[in-house]
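Since the structure comes first, as structure tokens, the remarks are kept for the end.
Here is how names work: the chains are called A, B, and so on, in the same order as the sequence lines, proteins then strands, and each is numbered from 1. Quick caveat, the model's predicted, so the values are computed rather than measured.
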2 protein chains.
Amino acid sequence: MAPQQEPASSALHVSTLDRGSPVPLYFQVAQHLERAIEAGALPRGTRLSNEIELAGELGVSRPTMRKAMEYLVGKGLVVRQRGVGTRVVSPKVRRSLELTSLFDDLEAIGQRPTTQVLSNTIEDATAEMAELLGIAKGTPVVSIARLRSALGQPIACLTNYLSASRISLPTEALESQGLYQLLRRSGIQLHSATQVIGARSATAAEARMLGEGKGAALLTMQRTAYDDHGTVVEYGNHIYSGARYSFHMSLLSI
Amino acid sequence: MAPQQEPASSALHVSTLDRGSPVPLYFQVAQHLERAIEAGALPRGTRLSNEIELAGELGVSRPTMRKAMEYLVGKGLVVRQRGVGTRVVSPKVRRSLELTSLFDDLEAIGQRPTTQVLSNTIEDATAEMAELLGIAKGTPVVSIARLRSALGQPIACLTNYLSASRISLPTEALESQGLYQLLRRSGIQLHSATQVIGARSATAAEARMLGEGKGAALLTMQRTAYDDHGTVVEYGNHIYSGARYSFHMSLLSI
DNA sequence: CAGTGGTCTAGACCACACC
DNA sequence: GTGTGGTCTAGACCACTGT
């Protein structure tokens, strides 16, 4: 028997499980527990019943229950220790894990950032572009430059290259939605990306564009995105106003 | 039959599987496949045999084989599609996923970055420290300032706060190994961390310390690390020379 | 249609933590 | 010890992709 609290199986109603649904059982179970945790029904540090009991209560097999648990562990909501049990992570940590960028924050308060397309052309790849995209020099490349603003102030200047053969990117679409959103809707499956984040002083032109003084600190990011086949989908070179933007991220199981 | 290449089960010798070993079977299988992939035995785009066949060849059950596959998918080494099969991703992408920081790069070429402890004191938490660490004001706090250099040049200035009750951090230890390494060896289990990366201009003092001109662009990072119980283990406020450092990272399944 | 990965089940044994 | 999560097995059915 636990000294402080006995394992709380708690108010987990089986009713919400739908075996006819196309959404997997383990996922329904996971969402079930997730909602219970987020709703505060299972306070910080609560020890869940063991997976056999839980499986029994919810009417699923143990492997299914385990898969649900693994999902929750992966999301950082619970911690498991062999021989000990499963405990609910503190809500403070859980909230901090819902990583938000400034753009997300702005959206949340109804201040949708605006995007102005500065240029959207197709040109033959220079040696540098070809190198970055892993294609032959001279191949047509889509080159985009966008200016992101929020609250009436410019925040970032984004330049991107894509292999022209892959997709067409209408300027109107680029003004209303993100590049990655567009790519995904075009059926391009992204596999991974690598990025480099740095800082440098703005040139005169950059400072003017972002409404900063000359020599202001810029946050820079270069990103290369790959699809499942290992070919480069997109290369981006972005600069952000250091005064008005920062990257927020969270790391799990470090 | 595949038009270009038939599924290659390939040179997978069962010999290396050791059922008596404490390392799980699925992990041995995964490592097995990983080595085969990295060694180039399974070139980019190779379709693996289906998991039932593979399981049979290696003498494990299908669930075990699946778990190995899930591990490889998680590492970004293979891509799976229902109804299609499992393909090996391009070595270029795989290499890009082995994220390296500049510090790692330096270590790789034998240029171990040096750490100079500027201060290592225990003081009562100010209101700000208390807020950051989630403790009461006035509680003793370990406060550390370190200067990281490489190739004879300063690169970063790291300041950290930790609850003093948790651990003692000898200055000598801090000069020879990283803070996180020390924490882990002290049995502190890290759960997650959140960080904010930004850019700003250096103050005169900061510029002097990092060997830069006044107003040079700095890369900044604030990080809060939590343990399994949801309590703050560490808060760090770091500044990096924008000219000499940048963050490298990779994203999977975006 | 055949072949693939995705899901689910019912059992078993083991390693570990705590008492 | 007892109880926990971690691993492994053998089998089944389904959803999706390609032909």
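- Of the residues in residues 62-75 of chain B, those with a non-hydrogen atom less than 4.0 angstrom from any atom of DNA chain C are Arg62(B), Arg66(B).
- Projected onto DNA chain C by closest heavy-atom contact, Arg80(B) and Ser61(A) fall at different nucleotides, the more 5' of which corresponds to Arg80(B).
- Looking at residues two or more places apart in sequence or on another chain, you find a side chain to side chain contact (heavy atoms under 4.5 Å, CB included) between Arg35(B) and Gln31(B).
- Atom CD1 in Ile52(B) sits about 12 Å away from atom C1' in dG6(C), given to the nearest Å.
- Between Asn50(A) atom CG and dA17(C) atom P there is a gap of 18 Å when expressed in whole angstrom units.
- Inter-residue side-chain proximity for Ile37(A) and Val78(A) is flagged as met; some heavy-atom pair is nearer than 4.5 Å.
- Side-chain polar atoms of Asn160(B) and Glu234(B) form a donor-acceptor pair below 3.5 angstrom.
- No donor-acceptor pair closer than 3.5 Å links the side chain of Glu51(B) to the backbone N or O of Arg62(B).
- Taking atom CD of Glu51(A) as the reference point, atom P of dG6(D) lies 7 Å away to the nearest angstrom.
- With respect to Gln195(A), the side-chain hydrogen bond (donor to acceptor under 3.5 Å, both in side chains) criterion is satisfied by exactly one of His238(A), Arg223(A), Gln222(A): Arg223(A).
- Residue-environment remark: CD (Glu131(B)) stays at or below the threshold of 12 foreign heavy atoms within 6.0 Å.
- Rounded to an integer number of Å, the gap from Gln81(A) CD to dG3(D) C1' is 14 Å.
- Ser143(B) places no side-chain N or O within 3.5 Å of a backbone atom of Thr121(B) that could act as its donor or acceptor partner.
- A donor and an acceptor atom, one from each side chain of Tyr26(B) and Glu70(B), are nowhere located under 3.5 Å apart.
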Provide a list of protein-nucleic acid N or O atom pairs under 3.5 angstrom, restricted to nucleotides 14-16 of chain C.
from    : atom 1 : to       : atom 2 : distance (Å)
dA15(C) : O4'    : Arg82(A) : NH1    : 3.2

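- Taking atom CZ of residue Phe27(B) and atom P of nucleotide dC8(D), one finds them 12 Å apart after rounding to whole Å.
- One interatomic measurement links the two molecules: CZ of Arg47(B) to C1' of dG18(D), which rounds to 10 Å at whole-angstrom precision.
- Contact between the side-chain N/O atoms of Arg87(B) and the OP1/OP2 oxygens of dT4(C) is not found at any separation under 4.0 Å.
- Between the P atom of dT9(D) and the OH atom of Tyr26(B) lies a distance of 13 Å, rounded to the nearest Å.
- One finds a side-chain N or O of Thr86(B) lying less than 4.0 angstrom from the OP1 or OP2 phosphate oxygen of dG5(C).
- One can place CG of Leu25(A) at 17 Å from P of dC13(D), the figure rounded to the nearest angstrom.
- Using bins of under 30°, 30° to 60° and over 60° for the plane-to-plane angle, the ring pair Tyr235(B)/Tyr161(B) lands in the parallel bin.
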